[in-house]
Amino acid sequence: LSEIKANLGRALALRELKPGATHWTSRLGTYIRLYGRKFSKEDHVMLVKLYYELMTIPDLELPLVQKFAQMLTTLLKKRELLSRADLELPWRPLYDLVERLFYSSWEPYGLEWYPS
């Protein structure tokens with residue numbers, strides 16, 4: 001897990017979402033499938049906040065939003081591991097993401113908006 005966290009941090013520091021962050025996201029998914037959520041509560045909260053922030057980056061490509069959202073769902077799947085007091089996320093970025101993707105001003109014209 002320490003290798004995954006270090007390399008994920010390095011990829012984000014270099015602003016390398018593709019392939020860096022996506023590769024280490026896949027490795028984290030493999031780690032969770034093999035060992036479960038065998039990490040501290042602080043690491044769990046940090047990873048949830050990280051993937052929430054990654055998912056809500058403005059104008060992020062849709063496949064990346066999907067990949068980060070899947071990891072966020074995996075991390076949040078077991079409700080008993082985190083309480084409401086442990087984790088508080090801002091609602092506005094998620095609302096803006098939904099607005100941008102599902103309620104485009106181009107929708108009445110039959111056009112879909114995909115970030116560049």
Side-chain angles (χ1 to χ4, degrees):
L1 180 64
S2 61
E3 179 188 3
I4 293 170
K5 289 190 319 185
N7 285 311
L8 186 58
R10 190 173 300 119
L12 295 176
L14 294 172
R15 298 181 186 267
E16 185 184 76
L17 294 179
K18 209 189 300 179
T22 56
H23 172 75
W24 292 105
T25 297
S26 297
R27 295 281 300 265
L28 179 61
T30 302
Y31 177 88
I32 291 173
R33 276 192 302 282
L34 290 175
Y35 303 109
R37 289 161 189 82
K38 302 242 187 243
F39 35 79
S40 67
K41 187 176 272 196
E42 292 80 24
D43 284 344
H44 198 166
V45 170
M46 183 268 310
L47 286 169
V48 167
K49 287 182 178 181
L50 173 70
Y51 279 102
Y52 182 80
E53 292 294 325
L54 286 173
M55 183 184 73
T56 56
I57 292 174
D59 298 329
L60 188 64
E61 298 173 17
L62 290 179
L64 290 177
V65 171
Q66 180 184 9
K67 186 158 191 79
F68 297 144
Q70 284 175 341
M71 180 51 65
L72 182 64
T73 302
T74 301
L75 289 167
L76 292 173
K77 193 168 275 187
K78 295 199 176 191
R79 288 183 160 176
E80 62 273 6
L81 295 178
L82 294 175
S83 68
R84 290 183 183 198
D86 294 332
L87 185 65
E88 188 173 317
L89 298 172
W91 62 271
R92 191 59 163 180
L94 192 58
Y95 176 81
D96 291 340
L97 177 67
V98 169
E99 274 288 314
R100 192 180 80 223
L101 294 178
F102 296 115
Y103 301 107
S104 167
S105 61
W106 296 99
E107 188 178 15
Y109 303 110
L111 299 174
E112 293 184 26
W113 180 83
Y114 294 103
S116 57

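Residues: numbered from 1 along the sequence shown.
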Got a donor-acceptor contact below 3.5 angstrom from the Asp43 side chain to the Phe39 backbone?
-> no
Reported CG-to-CG distance for the pair Leu87 and Leu76, which is rounded to 0.5 angstrom = 6.5 Å
Side-chain heavy-atom pair Thr56, Val65 within 4.5 angstrom cut-off = no
Value rounded to 0.5 Å, distance of CD in Glu53 from CG in Leu72 = 10.5 Å
Ring geometry between Tyr51 and Phe68 (parallel below 30°, tilted from 30 to 60°, perpendicular above 60°) = tilted
When rounded to the nearest 0.5 angstrom, what distance separates CH2 in Trp24 from CD1 in Ile4?
-> 7.0 Å
Find out whether Leu54 and Leu17 are in side-chain contact, i.e. whether some heavy atom of one side chain is under 4.5 Å from a heavy atom of the other.
-> yes
Salt-bridge contact Glu16-Arg10 (side-chain N to carboxylate O under 4.0 Å) = no
Interatomic distance, OH@Tyr31 vs CG@Leu1, rounded to 0.5 Å, equals 4.5 Å
Shortest non-hydrogen separation from Ala11 to Ala21 and the atoms involved | CB-N, 3.8 Å
Can you pull the side chain to side chain donor-acceptor pair (under 3.5 Å) pairs that have at least one residue in residues 64-73, sequence neighbours excluded?
-> Ser26-Lys67
Hey, quick one: are Leu89 and Tyr95 part of the same hydrophobic cluster, counting side-chain heavy atoms closer than 4.5 Å, chains of contacts allowed?
-> no
Quick one: side chain to side chain contact (heavy atoms under 4.5 Å, CB included) partners of Leu94, sequence neighbours excluded?
-> Tyr52, Met55, Leu97
Single-linkage hydrophobic cluster, 4.5 Å side-chain cutoff, Leu14 and Leu60 together | no
To the nearest 0.5 Å, atom CG of Leu28 lies from atom CD1 of Ile32 at 4.0 Å
Verify, without hydrogens or angle tests, whether His44 (side chain) and Leu81 (backbone) share a donor-acceptor contact under 3.5 angstrom.
-> no
Got Lys5 and Met46 here, is their nearest side-chain heavy-atom distance under 4.5 Å?
-> yes
Is there a path from Ile57 to Trp91 through hydrophobic residues (I, L, V, M, F, W, Y) whose side chains come within less than 4.5 Å of each other?
-> no
Interatomic distance, Arg27 atom CZ to Thr22 atom OG1 [nearest 0.5 angstrom] | 12.5 Å
Tell me, do Arg37 and Thr74 make a side-chain contact under 4.5 Å, heavy atoms counted?
-> yes
